[in-house]
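What follows is a short report on a single structure.
Values below: all heavy atoms of this structure, side chains included; hydrogens, waters and symmetry mates excluded.
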Amino acid sequence: MQYEAAEAWAAAYMAAAAAAGRGGGGGGGGAGMWDPAVERVERLAAESAVVIFSVSSCCMCHAVKRLFCGMGVNPTVYELDEDPRGKEIERALTRLLGSAAVPVVFVGGKLVGAMDRVMASHINGTLVPLLKEAGALWL
């Protein structure tokens, strides 16, 4: 259920951004919503089946990377502390999530969320079907 909420929020954000001019909708009142850093995050997230935005010294980031690797998934990992534009990406992730947190996980280009949402999806059994649908697992 938490995944659906995150997905609904991301879809609403994308629709608002499209209406603001990114998707050919015309300038209007929402023109301030367009953020090139958020657009970059979305582009990076769509490039691989599983994308993790991480900080190399973060124990929760390490745990989520181990979770996916232990499941046989090979995620694309962006270490924000090693990226010259990492702070900019981190601010964009905060805008997408509504709070500051790493790791942030995308599956199939869709925002799953931070560690709490990933673990909740894993425990309630919705993570594996999501990974299969994205082509990250072939079990």
Side-chain angles (χ1 to χ4, degrees):
M1 266 199 241
Q2 290 180 348
Y3 173 74
E4 288 88 8
E7 186 178 41
W9 190 93
Y13 179 87
M14 294 297 290
R22 286 176 38 195
M33 289 220 29
W34 181 74
D35 183 346
V38 171
E39 188 173 279
R40 181 169 186 238
V41 165
E42 292 165 351
R43 189 177 61 253
L44 292 171
E47 290 177 356
S48 299
V50 178
V51 175
I52 301 172
F53 291 94
S54 173
V55 172
S56 59
S57 61
C58 168
C59 64
M60 298 306 270
C61 296
H62 177 73
V64 81
K65 289 182 277 190
R66 296 284 300 162
L67 170 68
F68 284 107
C69 290
M71 296 172 75
V73 173
N74 186 23
T76 298
V77 179
Y78 294 100
E79 298 292 354
L80 301 178
D81 56 326
E82 297 172 4
D83 187 321
R85 291 172 28 182
K87 289 292 182 192
E88 178 184 334
I89 294 171
E90 210 166 339
R91 283 190 294 275
L93 292 167
T94 299
R95 285 189 67 182
L96 285 172
L97 279 176
S99 63
V102 286
V104 178
V105 176
F106 289 80
V107 175
K110 298 175 184 172
L111 175 65
V112 175
M115 182 69 163
D116 59 338
R117 291 185 180 159
V118 172
M119 291 307 296
S121 296
H122 181 54
I123 290 167
N124 72 23
T126 59
L127 185 59
V128 168
L130 208 63
L131 293 168
K132 286 180 180 178
E133 182 182 319
L137 271 181
W138 293 277
L139 295 175

When rounded to the nearest 0.5 angstrom, what is the spacing between [atom1] in [X] and [atom2] in [Y]?
| X | Y | atom1 | atom2 | value |
| --- | --- | --- | --- | --- |
| Cys61 | Met115 | SG | CE | 8.5 Å |
| Ser99 | Asp116 | OG | CG | 8.0 Å |
| Leu131 | Met71 | CG | CE | 5.0 Å |
| Glu42 | Leu111 | CD | CG | 10.0 Å |

Might you work through the side-chain contact (heavy atoms from CB on, under 4.5 Å) test for Arg95 and Asp35, ending with a clear yes or no? CA-CA 10 Å; Arg95 285 189 67 182; Asp35 183 346; 2.8 Å; yes

Pair Leu130-Lys110, side-chain contact (heavy atoms from CB on, under 4.5 Å): steps then yes or no: CA-CA 10 Å; Leu130 208 63; Lys110 298 175 184 172; 5.9 Å; no

Ignoring hydrogens, what is the shortest heavy-atom contact between [X] and [Y]? Give both atom names and the distance.
| X | Y | result |
| --- | --- | --- |
| Ala100 | Thr94 | CA-OG1, 3.6 Å |
| Ala136 | Val73 | O-CG2, 3.9 Å |
| Leu97 | Ala114 | CD2-N, 4.2 Å |
| Arg43 | Glu47 | O-CG, 3.2 Å |
| Val64 | Pro103 | CG1-CG, 3.4 Å |
| Ala92 | Val41 | CB-CG2, 3.9 Å |

Answer whether the closest heavy-atom distance between the side chains of [X] and [Y] falls below 4.5 Å.
| X | Y | answer |
| --- | --- | --- |
| Val104 | Leu96 | no |
| Val118 | Phe68 | yes |
| Met119 | Leu67 | yes |

Once salt bridge (charged side-chain N to carboxylate O under 4.0 Å, His left out) is applied, do any residues pair with Arg40, and if so which ones, sequence neighbours excluded?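 Partners of Arg40 under the salt bridge (charged side-chain N to carboxylate O under 4.0 Å, His left out) test: Asp83.
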
Identify, with sequence neighbours excluded, every residue that meets ring pair (Phe, Tyr, Trp, His ring centres under 6.0 Å) alongside Tyr78.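 Tyr78 satisfies ring pair (Phe, Tyr, Trp, His ring centres under 6.0 Å) with Phe53 only.
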
Mind checking what makes side chain to side chain contact (heavy atoms under 4.5 Å, CB included) contact with Glu79, not counting sequence neighbours?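 Partners of Glu79 under the side chain to side chain contact (heavy atoms under 4.5 Å, CB included) test: Ser54, Ser56, Lys65, Val77, Asp81, Glu82.
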
